[in-house]
Amino acid sequence: MDRVSALETVVSLRKELREGQNLGLKIVYDALTGASGNGAVPSDVPQTFTGPSGGGSYSTPAGETPLDGTFKDTRVAASGTFEQSLGSDTRWTAGANFSTEYDYRSLGVSSSLARDFDKRNTTLSGGFSISWDTIDPVGGVPDPLAVMLAATGGGDDDRDDDEEEGEEGDAESKVIFDGLLSLTQIVNRSTVVMVAASVSHQSGYMTDPYKFVSIVDEAPGAGQGRPLEHRYERRPDRRTKKSLFAEAKHHFGHDMIDLSYRYLWDDWGVTSHTAELRYRWALPKGHVLQPHLRAYRQEAASFYHRFLTASDPLPTYASADYRLGKMDAVTLGLKYARPIGPSTVSVRVEGYKQLSRDNGDEAIGVLRDMDLYPAVDAVMVHLGFSRQW
Amino acid sequence: MIQAKTWGVRAGALCVLLALCQGCAGMGVEPWERDLLAKPEMTMSAETVELSFDEHVYFSKEASSGGRGFAGGGCGCN
């Protein structure tokens, strides 16, 4: 099932202000379009979902996965970096970034220091960043695990109706602290490796205000497995993630290969493995073709439940968001780049497929006939332009 | 509760990292051997722009993000 597609255009500029001092600016526009599963279970009857104030409703036909209405997420982001040499072996980099989406805003700053050793064969780098994010969902933030209201108004598709209902809504926010330590080592004339360790601590609102967890009827009979009610999901207000990352680049003289691996774990119970391979195939006249392969495996968050039954005690935290589930994903992509004068223009197309590793054993009643874990497919297109003055 | 297997994986990963660091002492090139290393594609920040985009896309579908670095500016994906 094709759900979300992504298109991005980027302009990236880098200028040397004076020797040892560089300024970088990046402007990004990207659009994720399509619909995303809202967490509720499909059923053998049509279902209607509403926003927190009862407006902005959308419907799902019988037998289909509930998707959260028309979904358009366009993002504009700008970031700047300033790099300053401090002596011959040390560099300080400061960054600031801003991004804005439909109902989400992020502002961040970062600072890192890099030091070379051993004739610049070894580089140690450490840094931190702080980010302030605000979410201002249409219709306001729902009460955690509150029961979804029945639709008021005419059942329109557009979520904007919530605004017309007169709801100002409450904005929520979160703060993210990131720390990173990395070591880059030249192995030989054609090989360089990097290892990195990072910690990220987030606190604040991390629930998705548009997603539900269904409470299904487990009583034997024709209605078994049908949702009795849908509740807004709730996630913890703290999350600490840690990761270990390693990357190796090897140049064959014309072509180059890049391999990387990341192991991540957090206090939500999520652990993941990410392995990537890029092969840079150098064509004549500076043209480049680069295939890309990515493999991803994730374990579910501890509070992830595909659904709850009426007799389950309501947990403190619960989410049916497929993004927190047990899954594998594969990406296959191809990039083409070519120089045009002092600029480089590139186009990249990637196909993504995600498959759940949940086998649906817990399905009861009508849910046994439903696809509780549909595959997620996406196509990403990336257009790039870069130029150095 | 963290299982023994998880601790085993983490300890193993740490050992690999430490071994890499230990092995670093004898590695490297002379300044005149940097012909390939000087190529832009051989820097670790070679494709930060695209990697940032990837971060945003994968964050919209998966529960993991980051780990590689943020020298090129944040993503605001959180």
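The chains referred to below are lettered A, B, ... by the order of the sequence lines, with proteins before strands, and numbering in each begins at 1.
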ask   = Do NZ/NE/NH1/NH2 and the carboxylate oxygens of Asp377(A) and Lys61(B) come within less than 4.0 Å?
value = no
Between side-chain atoms of residues 38-45 of chain B and protein atoms elsewhere (two or more places apart, or another chain), which donor-acceptor pairs fall under 3.5 Å?
{"from": "Glu41(B)", "atom 1": "OE2", "to": "His251(A)", "atom 2": "NE2", "distance (Å)": "3.0"}
{"from": "Glu41(B)", "atom 1": "OE2", "to": "Arg280(A)", "atom 2": "NH1", "distance (Å)": "3.3"}
{"from": "Thr43(B)", "atom 1": "OG1", "to": "Pro40(B)", "atom 2": "O", "distance (Å)": "2.9"}

message = Less than 3.5 Å apart, any donor N or O on the side chain of Lys241(A) or Ser65(B) sitting next to an acceptor on the other?
response = yes
key: Residue part contacting chain B, namely of Glu350(A), when any heavy atom lies under 4.5 Å   = side chain
note = Turns out that what part of Val192(A) lies under 4.5 Å from chain B's heavy atoms comes down to both
note = With chain B, the option among Gly269(A), Gly108(A), Gly253(A), Gly24(A) that has the most non-hydrogen atom pairs under 4.5 Å is Gly253(A)
ask   = Which region of Thr184(A), side chain (C-beta onward) or backbone (N, CA, C, O), has a non-hydrogen atom less than 4.5 Å from a non-hydrogen atom of chain B, or is it both or neither?
value = side chain
request  = Indicate the atoms forming the closest heavy-atom contact of Ala196(A) with Gly67(B), along with that distance.
outcome  = CB-O, 3.9 Å
message = Please give me the minimum heavy-atom distance between Met27(B) and Asp118(A), naming the atom from each residue.
response = O-OD2, 3.6 Å
query = Shortest non-hydrogen contact from Pro31(B) to Lys119(A)?
reply = CD-CD, 4.5 Å
request  = Measure Glu30(B) against the heavy atoms of chain A and call it side chain, backbone, both or neither at under 4.5 Å.
outcome  = side chain
note = Looking only at Arg294(A), His382(A), Gln298(A), Met380(A), the option with the highest number of non-hydrogen pairs under 4.5 Å against chain B is Arg294(A)
query = Which bit of Glu247(A) comes within less than 4.5 Å of chain B, counting heavy atoms only: side chain, backbone, both or neither?
reply = both
key: Which atoms of Arg278(A) approach chain B - backbone, side chain, both or neither, heavy atom under 4.5 Å   = side chain
key: Reported CD-to-OG distance for the pair Glu33(B) and Ser190(A), which is rounded to 0.5 angstrom   = 10.5 Å
inquiry  = Within a 6.0 Å radius of atom CZ on Arg120(A), are there more than 12 heavy atoms belonging to other residues, nucleotides or ligands?
reply    = no
note = Note: Arg323(A) and Ser60(B) closest approach over all heavy atoms is CD-O, 2.9 Å
message = For Glu50(B) versus Ser346(A), what's the shortest heavy-atom pair and its separation?
response = OE2-OG, 3.8 Å
ask   = Is there a side-chain contact between Val28(A) and Phe53(B), using heavy atoms and a 4.5 Å cut-off?
value = no
Residue pair Arg68(B) / Arg262(A), side-chain heavy-atom distance below 4.5 Å = no
query = Is there a side-chain contact between Gln290(A) and Glu47(B) (heavy atoms, below 4.5 Å)?
reply = yes
message = Counting only non-hydrogen atoms closer than 4.5 Å, does Glu299(A) touch chain B with its backbone (N, CA, C, O), its side chain (CB onward), both, or neither?
response = neither
message = Side chains of Glu62(B) and Leu324(A), heavy atoms from C-beta outward: is any pair under 4.5 Å?
response = no
ask   = Rounded to the nearest 0.5 Å, what separation is found between the CG atom of Leu37(B) and the OG1 atom of Thr191(A)?
value = 8.0 Å
key: Heavy-atom closest pair, residues Val270(A) and Ala63(B)   = CG1-CB, 3.9 Å
request  = Measure the CD-CG distance between Glu8(A) and Asp54(B) for me, rounded to the nearest 0.5 Å.
outcome  = 8.5 Å
query = Can you find a pair of side-chain heavy atoms, one from His56(B) and one from Glu101(A), that are under 4.5 Å apart?
reply = yes
query = What part of Met256(A) lies closer than 4.5 angstrom to a heavy atom of chain B: side chain, backbone, both or neither?
reply = side chain
query = Checking heavy atoms, do the side chain of Lys242(A), its backbone, both or neither come under 4.5 Å from chain B?
reply = neither
ask   = Where on Ala329(A) is there a heavy atom nearer than 4.5 Å to chain B: the side chain, the backbone, both, or neither?
value = side chain
task = Decide if the gap between the ring center of Tyr296(A) and the ring center of Tyr58(B) is smaller than 6.0 angstrom.
result = no
query = By a 4.5 Å heavy-atom criterion (distance strictly below it), what part of Ser260(A) contacts chain B: side chain, backbone, both, or neither?
reply = side chain
key: Per-residue contact mode, Met327(A) against chain B (heavy atom under 4.5 angstrom)   = side chain
inquiry  = Could you check whether any side-chain heavy atom of Arg189(A) comes within less than 4.5 Å of a side-chain heavy atom of Leu36(B), counting everything from C-beta outward?
reply    = yes
inquiry  = Between Gln354(A) and chain B, with a heavy-atom cut-off of 4.5 Å, which part of the residue counts as in contact: side chain, backbone, both or neither?
reply    = side chain
request  = Let me know if Arg239(A) has heavy atoms under 4.5 Å from chain B in its side chain, its backbone, both or neither.
outcome  = side chain
task = Heavy-atom distances under 4.5 Å only: say whether Tyr352(A) touches chain B with side chain, backbone, both or neither.
result = side chain
